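Here's the structure, in structure tokens; my notes come after.
Just so it is clear, the model here is predicted, and its values are computed rather than measured. These numbers come from the heavy atoms of this one structure, side chains and all, not from hydrogens, waters or symmetry mates. Numbers restart at 1 for each chain; the letters A, B, ... are given by sequence-line order, proteins then strands.
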2 protein chains.
Amino acid sequence: MTQEGNRPSNCYLLVEGWLIRCKVLRDSRRQILSLHVPGEVPDLHALYLHATDCALATLTHARVACIPHEAFRTLIAARPTIAAALWRETLIDAQIYQQRVIGLGRRGALGRIAHLFCETYVRLSATGLAKDHRCEFPLTQADVGDAVGLSTVHVNRSLQTLRAEQLISWQGRSLEILNWKRLVAVADFDPAYLHLDKSAAS
Amino acid sequence: MTQEGNRPSNCYLLVEGWLIRCKVLRDSRRQILSLHVPGEVPDLHALYLHATDCALATLTHARVACIPHEAFRTLIAARPTIAAALWRETLIDAQIYQQRVIGLGRRGALGRIAHLFCETYVRLSATGLAKDHRCEFPLTQADVGDAVGLSTVHVNRSLQTLRAEQLISWQGRSLEILNWKRLVAVADFDPAYLHLDKSAAS
DNA sequence: CGCTCTCTTGATAGACTTCAATGTTAGTGG
DNA sequence: CCACTAACATTGAAGTCTATCAAGAGAGCG
């Protein structure tokens, strides 16, 4: 979709489908920086920052609404409340990265994967795209590995553990969290950093 | 300095000294989320986000200027240019976190530590606090470990490698980068994400 | 049917952690 | 000036976690 290094003059509101932002290293390994679900504006930061060396890619078929930077700028100038809300969104993105730093620095494989499931489920349910501890999850095991910094093989084995412990069921692109409470414990997940009005915990 | 969980009504401009933001996990391990050097406003995000569960702490003696949130808000409302600049700062913070995600996910011990040195040096030199590949670096090896997600022992051994390769010299609180080019290569460091006007590479 | 992509499994190697001890340095009080 | 202490740095040995390599199994698709 977007390549590294160009300098767009539009932002994209993701209407349907999933996007990832990723960085490809010199040795061709890949790190997925963020997962984007419908309702988000993945490149809002481009309003104020020139392109960095990471790329947006689609995981599924996706529909985006294209919004010129100029439109955002006039909106921000005219409506301080909206400006504050947008700023706030980018601050929450930063907090999500912060959690990833904690996870990659201090969590083991099980915790990282469990945390990804927890966060994704809560973010989806905030916009009504998930409920009853079920949601879409259109990643491959290799994608999960690139997101949480593990090899595909080890992701596979960790998933087997999570399944054996009856914490999740994941087949194809549909995920079901069988034991939310214990998955949260494994992940050491606290949704506060997402700054949602009401948490989806149960 | 600041504890977890309270809800301040001021921001602090760091005038002198070093701060860290860190999160203490349940098992009492610690992850340092960010390092703050003079000229920064470490908790600017608190303008729009309630407190999260991380703490600010001093690494050295530090002087801060206390700025009420209200002052920032009126400034933001009155001066769109300043508002944009502040927003931009928080976006750069997010990019720094993003780099940490890449580092923790895909770099080994040497690369992580080297990257920390590179980033810190460039950020310091941007405000004139470092030059000639020398700068202050008032962390302990244990701090470095908590920052880059390694054990103290392994940090020590990795440092010995960096020293043996004549890449750095670090004693007490003063750091000298002996071979910038090779350190950058080890770190896979590209300062673009810091969005500084001119890079300090040489 | 053959192809490709994804998932799965086993064996082996490497990176990093943990535990425990020792060395070093700077500061403190006598 | 010296003993004493505390904090930090360093070392060795053993163990755990995760990566890598290699191969096979299943599913979807032209």
Measure the distance from CH2 on A/Trp170 to C1' on C/dC7 and round it to the nearest whole Å.
-> 10 Å
Spacing of B/Leu159 atom CG relative to D/dA9 atom C1', expressed in whole Å | 10 Å
Kindly assign one of parallel, tilted or perpendicular to the pair A/Trp170 and A/Phe117, based on the angle between their ring planes and the thresholds 30° and 60°.
-> perpendicular
Side-chain ion pair, B/Arg29 and B/Asp27, N-O less than 4.0 Å | yes
Would you mind reading off the distance between B/Arg173 atom CZ and C/dA26 atom P, rounded to a whole angstrom?
-> 13 Å
B/Arg163 atom CZ: more than 12 heavy-atom contacts under 6.0 Å | yes
Aromatic ring pairing B/His115/B/Phe189, orientation class (parallel under 30°, perpendicular over 60°, tilted between) | perpendicular
Closest to side chain of A/Arg163, choosing from D/dC8, C/dT8, D/dT11 = C/dT8
When you check the phosphate oxygens OP1 and OP2 of C/dT8, does a side-chain N or O of A/Gln141 lie under 4.0 Å from one of them?
-> yes
Protein-nucleotides 16-20 of chain C N/O pairs closer than 3.5 Å?
| residue | atom | partner | partner atom | Å |
| --- | --- | --- | --- | --- |
| C/dC16 | OP1 | B/Ala109 | N | 3.1 |
| C/dC16 | OP2 | B/His154 | NE2 | 3.1 |
| C/dC16 | O5' | B/His154 | NE2 | 3.4 |
| C/dT17 | OP1 | B/Ser151 | N | 3.0 |
| C/dT17 | OP2 | B/Ser151 | N | 3.0 |
| C/dT17 | OP2 | B/Ser151 | OG | 2.9 |

Between A/Thr90 and B/Trp87, a side-chain donor and acceptor under 3.5 Å | yes
Here the distance between atom C1' of C/dC7 and atom CG of A/Asp143, to the nearest Å, is 13 Å
Figure out the CD1/C1' separation between A/Ile113 and C/dC7, and round it to whole Å.
-> 14 Å
Just to confirm, is there a sub-4.0 Å distance from OP1 or OP2 of D/dA9 to any side-chain nitrogen or oxygen of B/Gln171?
-> no
Is the shortest distance from a Lys or Arg side-chain nitrogen in A/Arg30 or A/Asp143 to a carboxylate oxygen in the other one below 4.0 Å?
-> yes
Below 4.0 Å: OP1/OP2 of D/dT10 and any side-chain N or O of B/Asn156 = yes
